[in-house]
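Data block below; observations after.
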Amino acid sequence: VLPLADHFLAKYRRETNKNVKGFERDAMRALTNRRWRGEVRELENVVERAIIFCDGDMIRLDDLPESFRRDADDDAPPAATLEEAIRRVERDYILRALEDAEGDKDAAAKALGLGLSTLYRKIKELGVDA
């Protein structure tokens, strides 16, 4: 993962004319711990987005999508109830679908098998930053 991430870093560093030198340790750990399922395009999109949001010379964990920050939070308490656990899973699915659809709510709703109005309602109910 890291050699590919470095390749995409070099590519988008040139395209954006940003002087981003590399990844901080937490960001590298988040990238390597992610289950990519062979999705090189997803990795490329994540690196491109991180360079765009990066305001320093190193990509930090905060420059990665929210799901990476949640995954890196090993201290998160377990769900207290079944309802809370279901809400967390539902929120994660919606966030992942939105990331995969690059923020296109219509495409995310279709991928999730939901109507667009249902997706908007769930985004509001679950406090999804979209």
Side-chain angles (χ1 to χ4, degrees):
V1 170
L2 291 179
L4 278 173
D6 286 337
H7 168 76
F8 296 132
L9 174 74
K11 174 183 176 181
Y12 290 106
R13 178 176 45 218
R14 283 189 306 273
E15 288 185 16
T16 61
N17 289 321
K18 290 184 94 172
N19 188 26
V20 179
K21 297 176 183 174
F23 300 90
E24 287 187 354
R25 183 174 304 206
D26 287 346
M28 283 191 296
R29 188 175 310 124
L31 289 172
T32 56
N33 288 341
R34 179 75 164 210
R35 287 183 296 182
W36 292 99
R37 304 172 309 200
E39 294 289 335
V40 175
R41 280 185 297 154
E42 181 185 1
L43 175 61
E44 182 174 9
N45 291 337
V46 166
V47 173
E48 178 184 21
R49 178 188 182 279
I51 289 174
I52 290 168
F53 286 106
C54 182
D55 58 5
D57 64 349
M58 296 291 282
I59 292 175
R60 301 178 329 258
L61 183 59
D62 287 345
D63 298 319
L64 298 176
E66 183 181 338
S67 62
F68 285 81
R69 295 189 295 275
R70 280 193 323 275
D71 292 346
D73 185 11
D74 295 334
D75 298 328
T81 65
L82 177 60
E83 183 178 336
E84 184 180 329
I86 291 169
R87 286 178 57 88
R88 285 185 185 180
V89 169
E90 192 172 29
R91 186 174 192 279
D92 288 346
Y93 267 80
I94 290 171
L95 283 167
R96 170 74 53 104
L98 287 166
E99 283 178 19
D100 290 348
E102 297 178 352
D104 182 340
K105 291 180 179 70
D106 190 47
K110 287 177 184 170
L112 291 166
L114 299 174
L116 188 57
S117 61
T118 302
L119 177 61
Y120 274 103
R121 181 178 48 78
K122 289 187 173 292
I123 285 172
K124 185 176 179 182
E125 286 174 4
L126 300 169
V128 173
D129 297 328

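Numbering starts at 1 and runs along the sequence shown. Only this structure's heavy atoms are used, side chains among them; waters, hydrogens and symmetry mates stay out. Everything quoted here is computed from the prediction, not taken from an experiment.
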Without swapping roles, check the side chain of [X] against the backbone of [Y] for a donor-acceptor pair under 3.5 Å.
X: Lys11; Y: Glu44; value: no
X: Lys122; Y: Ile94; value: no
X: Arg91; Y: Gly127; value: yes
X: Lys105; Y: Leu116; value: no
X: Arg49; Y: Glu102; value: no

Shortest non-hydrogen contact from [X] toward [Y]:
X: Glu125; Y: Arg87; answer: O-NH2, 3.1 Å
X: Ala101; Y: Ala107; answer: CB-CB, 3.9 Å
X: Gly22; Y: Leu9; answer: CA-CD2, 3.6 Å
X: Leu61; Y: Ala27; answer: N-CB, 3.9 Å
X: Val20; Y: Arg13; answer: O-NH1, 2.7 Å

Is it true that, when you exclude [X] itself, more than 12 heavy atoms of the residues, nucleotides or ligands shown sit nearer than 6.0 Å to its [atom1]?
X: Lys110; atom1: NZ; result: no
X: Tyr12; atom1: OH; result: yes
X: Glu15; atom1: CD; result: yes

With clusters defined by side-chain heavy atoms of hydrophobic residues (ILVMFWY) lying less than 4.5 Å apart, directly or transitively, does [Y] cluster with [X]?
X: Leu43; Y: Ile59; value: yes
X: Phe53; Y: Leu64; value: no
X: Leu126; Y: Val89; value: yes
X: Val46; Y: Met58; value: no
X: Phe23; Y: Trp36; value: yes

*asked:* Rounded to the nearest 0.5 Å, what separates atom CG in Leu95 from atom CG in Asp100?
replied: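 Going from CG on Leu95 over to CG on Asp100, the span is 11.0 Å.
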
_Nearest 0.5 Å, please: how far is CG in Asp63 from CD1 in Ile52?_
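If I round to the nearest 0.5 Å, the distance is 11.0 Å.
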
*Does the side chain of Leu112 reach to within under 4.5 Å of the side chain of Thr118, using non-hydrogen atoms?*
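Of all side-chain heavy-atom pairs linking Thr118 with Leu112, none is under 4.5 Å.
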
*Between Arg60 and Asp55, is there a salt bridge with N-O shorter than 4.0 Å?*
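Answer for the salt bridge query: yes.
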
